[in-house]
Amino acid sequence: MAKSCKVSLDPAVCEMVEKAGRLEVETVWDRYQAMLPQCGFGETGLCCRHCLQGPCRIDPFGGEPKAGICGATADVIVARGLDRAIAAGGASHSGHAKHIAHTLKKAVRGKAPDYAIKDKAKLRKVAERLGIPTEGRSEAEIGLAVAEAALADFNEKATEAPVTWVATTVTEKRSKLLMERGLMPKGIDYEIADIMHRTHYGCDADPINLLQAGIRCSLTDFAGCHMGTDLSDILFGTPQPVVSEANLGVLKADMVNVAVHGHNPVLSEIIVQVAEEMKPEAKAAGAGGVNVVGICCTGNEVLMRHGIPSCTHSLSQEMALITGALDAVVMDYQCIMPSLATVAECMGTRLITTMETMKIPGAIHIPFAEERAKEIAREIIRHAIEAFTRRRGKPVDIPQNRSKVVAGFSAEAIINALSKLNADDPLKPLLDNIVAGNIRGVCLFCGCNNVKVPQDRNFVTMARRLLKENVLVLASGCGAGALMRHGFMDPASVDEVCGEGLKAVLTAIGEANGLGGPLPPVLHVGSCVDTSRAVALAVPLANRLGVDTDQLPVVASAPEATAEKAVAIGTWAVTLGIPTHVGVMLPVVGSRYVTQVLTDKVRDLTGGYFIVEPDPESAGQKLLAAIDERRAGLGLNVPGGARR
Ligand code: MSK
């Protein structure tokens, strides 16, 4: 019988939480309980540690102290704190992109023989978008120029030119608006350093100036996401729909189970290739083969390009080890809990870090270098095979839960699917259905799971509500993970979860593509970096309508956000004009002024705004209202209302 528990909606996770309790292995939920009550100053953003005179904290109820030792008010402290979170998110996503740019450069110069340009058409498309000449040039020459253009985006340019991965990826109207309003970033690393400078002791103390810089900096995260997606597609292929499975039931007792965890596909792509080659070694050790599975966004990357099953996501990463069946976890970076070292020690899992930016005491560190990628991947898998030989014959507890997943909906894949309905004008069927109301609007779910919310509750509740109201739902990151584990990426659940209009559209597209049935209710667009794929779809849609992205009936939601990267993504979504929901308390509520700017006044600047709503039912309602407002603005019919 499926287990249920308070901490997660996922029965597989509940089963493992119970096992962890029996084994007295501490989990994220135990540590959260031990942390309560959490500091109210920190939660509301009213604690400042930016200088050595602090920490300072402001009374959230208007009493004393009203200012920090230097005189910084609640508004200043909150705005500075938000800016630093945005900068950290931008540094992470763009650091990931920079890494892939270096890999591309090494590949085209012949210094990384295990890599090659896989999607030549995308290489040319990206080059043309950036204004790089392609005529009569080899792929290696174009690839080098693209990699150099990417790396040039990190520094402030002598000519004061904007970051190309922003200026060329948004609508022309948006690009102009960002320039006019001082929101266009001049360089990725430049803007991130600028935030660290202006939030230092005794610098920017104007909350509006601080927020404006934070908004500009959030676009470094957008540039990093878009660049990461573009360059990964060039090197590893642009995803196309692929069938796989998700949840802990994808582990196999008699196989060498290797999880790839983190974000960057540079290593995991090679692990996937080498795992197949190493089957004879695994067999010689008594296993059926090597079973590669994914965790978090590295999992999303290999799922959408190779159909590698997703084991689990974000908050429940420890649970994959608790099964006792995982022989190795191979990590790159971001969203990896250091607690895995303790769980791994208890469960006999080899924990392997690979990047200079991310080491964990207790893990084996095998430094990764693109120049020797396959050799390193083989060394890693040999560790897993050795761990298997120690585990062989011992009991494991693999929950039986597995959901069918159809993943891999890149913008190119979606447009290709639509082209089967109208080859000359692929966006027309989508627009016609939006106009007719069969698709009421579009919602992108992204972001993480957060320990403060029963895992997946907000994603599942909101997706159910929006799908029934005929909202087309896209998902990235651990949001995609949550929805895939609950069956939302299985075409068979369309009948149960979608409204009639949406069902008809998904069925028409699916049948036109020879699937003999509908597309899945929720379209998997990839990892958190691939949130940019939703923009790559929204921009041509806006261009086709002759409007900007702030007029589209498109909304976004990070209902269980955790990472600073999610804060940065949410802020750039608002900057591109999208009403953006966050389902957990942001550390800004300590300043009524900053909260008001983010949820209301920013609309005058960008057209977008934040909706902070922890209750998933009301959040769904608020997103529907935002969609309807946009529909009315375009003169489209609104359910229950008149055409304006
Ligand atoms: S992994 S940023 S917990 S989505 Fe991209 Fe998941 Fe959030 Fe990390």
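Just so you know, ligand 1 is whichever comes first in the structure, and atom 1 is the first atom listed for that ligand.
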(message) So if I count the atoms of ligand 1 from 1 in the order they appear, which ones are less than 4.0 Å from some heavy atom of A563?
(response) 2 (S)

(request) Check ligand 1 against C528 and write out every atom of the ligand that is under 4.0 Å from a heavy-atom position of the residue. (result) 2 (S), 5 (Fe)

(message) Do the side chains of E245 and K404 get close enough for a salt bridge, i.e. N-O under 4.0 angstrom?
(response) no

Region of [X] engaging ligand 1 - heavy atom pairs below 4.0 Å:
| X | result |
| --- | --- |
| H263 | side chain |
| S314 | side chain |
| C478 | both |

(request) Tell me, please, whether Y32 has K452 positioned over its six-membered ring: NZ or CZ under 6.0 Å from the ring centre and within 45 degrees of its axis? (result) no

(message) Give me the nearest non-hydrogen protein atom to atom 3 (S) of ligand 1 as residue plus atom name, then the distance to 0.1 Å.
(response) C448 CB, 3.3 Å

(message) Between ligand 1 and G447, can you find any atom pair, the residue atom being a heavy atom, that is separated by under 4.0 Å?
(response) yes

(message) With the threshold set at under 4.0 angstrom, would you say K565 reaches ligand 1 through any of its heavy atoms?
(response) yes

(message) Is it the case that the side chains of S92 and E564 hold a donor-acceptor pair, with the cut-off being a distance below 3.5 Å and no angle test?
(response) no

(request) Indicate, with yes or no, whether the SG-to-SG separation of C5 and C14 is under 2.5 Å. (result) yes

(request) Determine whether F610 and L598 make a side-chain contact, defined as any pair of heavy atoms from C-beta on separated by less than 4.5 Å. (result) yes

(message) For a distance under 2.8 Å, tell me if C297 has an N/O/S atom near atom 5 (Fe) of ligand 1.
(response) yes

(message) Quick check on atom 5 (Fe) of ligand 1: does C335 put an N/O/S atom closer than 2.8 Å to it?
(response) no

(message) Using a 6.0 Å cut-off, check whether atom NZ of K19 has over 12 heavy atoms from anything other than its own residue.
(response) yes

(request) Give me the one residue out of T312, T562, N458, D456 that meets side-chain hydrogen bond (donor to acceptor under 3.5 Å, both in side chains) with N449. (result) D456

